[in-house]
Amino acid sequence: MPELPEVEVLRRSLKPRLVRQAVERVEVLSPGLREPFDHRALKRLAGRSIGGLRRRAKYLLIDFEGGSTLVIHLGMSGRFTIVAHDEPAAPHEHLAFHLATSERLRLVDPRRFGLAFALPTAKLEDDRHFAHLGVEPLGSKLTADHLRCLASNRRGPIKSFLMDARIVVGVGNIYASEALWRARVHPRRSVARIGQGTWERLTDSVRAVLGQAIEEGGTTLNDFADGEGNAGYFQVSLAVYGREGEPCVRCGRDLRRFVQTGRSTFYCPGCQH
DNA sequence: CGGGCGGCCTGGAGGC
DNA sequence: TGCCTCCAGGCCGCCC
């Protein structure tokens, strides 16, 4: 479920609850997720305090005092929430961080596409999960010129380009469709056929849609929740995603869906070219 | 070399 | 009610 806005909403909700809190005990309840857990590295976080929470791409980074970082990725179905200490273990609860406040921070992930690992904070940038990542879409490095340069040696459809984490991070299947609709660009349009003005519209649209989604608490289609278990409400603001057959709010034509590189793409045939 | 596709998992929805 | 198929917000690696 989580693209950049959902991870950012999660970060903001957890931050006041976790900063300066001590993790008293770490429970590892399963062998792992997409990758096996490094049991010992996770257990070494016990007894330390949390210094801060950051986000890089769709990864949540929890920095511990003493120079360790816990990296959490929610995959498709992950939830990372604070519950009462005596809350019974949930199905598919994989990790539990017991806090000094007699609460626990737990990672639940039925499909196990997520990820959790700990490493020295100083080694984060060189880690294989981060080394290849492109620019943050809400930072100053995402510009029309930057995208145009990276597109110059490539072909292929703009939607795949926007979802390529080597180019720009955090844009997944929902927000790619939404940003393209806002920019009035057809998802199949080749990156080779996009001019400067359109790159400007695309960068503006990506920023705008991600920013608004954060403000509205993320998109909860099925099971996204912030750190306190609250659903988001950006799903009511979605213009095209999941709305096949509904009229476009901008031009009135019926919205369409097709499969592009194995994923559903939604667009308006009337106003995206 | 870059882009496309299958595979990884479980569960919910919908058809019959 | 039950069984089957399809589909899902991410990502990696293999293949052409």
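Below, chains carry the letters A, B, ... as their sequence lines are ordered, and counting in each starts from 1. Computed from a predicted model, the values in this text were never measured in an experiment.
Look at A:K58 and you won't find any side-chain N or O under 4.0 angstrom from OP1 or OP2 of C:dG9. Distances shorter than 4.0 Å separate none of the side-chain N or O atoms of A:H73 from OP1 or OP2 on C:dG10.
Residue pairs meeting the side-chain hydrogen bond (donor to acceptor under 3.5 Å, both in side chains) criterion with at least one partner in residues 256-265 of chain A, sequence neighbours excluded, are A:K159-A:T265, A:R257-A:S264, A:Q260-A:T265.
Counting non-hydrogen atoms under 4.0 angstrom, A:G156 reaches nothing in the nucleic acid.
By the ring pair (Phe, Tyr, Trp, His ring centres under 6.0 Å) test, A:Y59 is found to be paired with A:H73, A:F130, residues two or more places apart in sequence or in another chain being considered. Under the side chain to side chain contact (heavy atoms under 4.5 Å, CB included) criterion, A:H92 pairs with A:H94, A:V108, A:P110, sequence neighbours left out. Checked against side chain to side chain contact (heavy atoms under 4.5 Å, CB included), A:A192 has the following partners two or more places apart in sequence or in another chain: A:S190. Judged as a side chain to side chain contact (heavy atoms under 4.5 Å, CB included), and not counting sequence neighbours, the contacts of A:L150 are A:H146, A:F161, A:I167. Every residue meeting the side chain to side chain contact (heavy atoms under 4.5 Å, CB included) condition with A:T198, not counting sequence neighbours, appears here in chain and number order: A:V185, A:R189, A:I194, A:R201, A:L202. Residues meeting the ring pair (Phe, Tyr, Trp, His ring centres under 6.0 Å) test with A:Y267, sequence neighbours left out: A:H186, A:F258. For A:R253, there are no salt bridge (charged side-chain N to carboxylate O under 4.0 Å, His left out) partners two or more places apart in sequence or in a different chain. Not counting sequence neighbours, A:F80 has no partner by the ring pair (Phe, Tyr, Trp, His ring centres under 6.0 Å) test.
In this structure, A:D226 atom CG and C:dG9 atom P are separated by 21 Å, rounded to whole Å. Here the P atom of nucleotide C:dC12 and the CG atom of A:L33 are 14 Å apart, to the nearest Å. For the pair A:I174 CD1 and C:dG9 P, the computed distance is 7 Å after rounding to whole Å. Atom P of nucleotide C:dC12 and atom NE2 of A:H129 are separated by 7 Å, given to the nearest angstrom. A:L115 has its CG atom 9 Å from the P atom of C:dC12, to the nearest Å. C:dC12 atom P lies 18 Å from atom CZ of A:R112, rounded to whole Å. With rounding to whole Å, A:D109 atom CG is found 12 Å from C:dG9 atom C1'. The CG-P distance, from A:L210 to C:dG9, rounds to 16 Å in whole Å.
Chain A approaches DNA chain B within less than 4.0 angstrom (heavy atoms of the protein), and the contacting nucleotides run 5' to 3' from B:dG3 to B:dG11.
The pair A:E27-A:R104 fails the salt-bridge criterion, with no side-chain N (NZ, NE, NH1 or NH2) lying under 4.0 Å from an Asp/Glu carboxylate O. Salt bridge annotation for A:R54-A:E136: absent, with no cationic side-chain nitrogen under 4.0 angstrom from a carboxylate oxygen.
Heavy-atom nearest nucleotides on DNA chain B were determined for A:R34 and for A:P91, and the one closer to the 5' end corresponds to A:R34.
For the P atom pair drawn from C:dC3 and B:dC9, the interatomic distance equals 24 Å after rounding to whole Å.
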Using nucleotides 4-8 of chain C, report all nitrogen or oxygen pairs with the protein that are shorter than 3.5 Å.
unit_1	atom_1	unit_2	atom_2	d
C:dA8	OP1	A:S264	OG	2.4
C:dA8	N3	A:R111	NH1	3.0

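Environment of CZ in A:R155: sparse, with no more than 12 heavy atoms of neighbouring residues, nucleotides or ligands closer than 6.0 Å.
Where pairing requires Watson-Crick or G-U contacts shorter than 3.5 Å, the helical stems of DNA chain B with at least three consecutive pairs are B:2-8 with C:10-16, B:10-16 with C:2-8.
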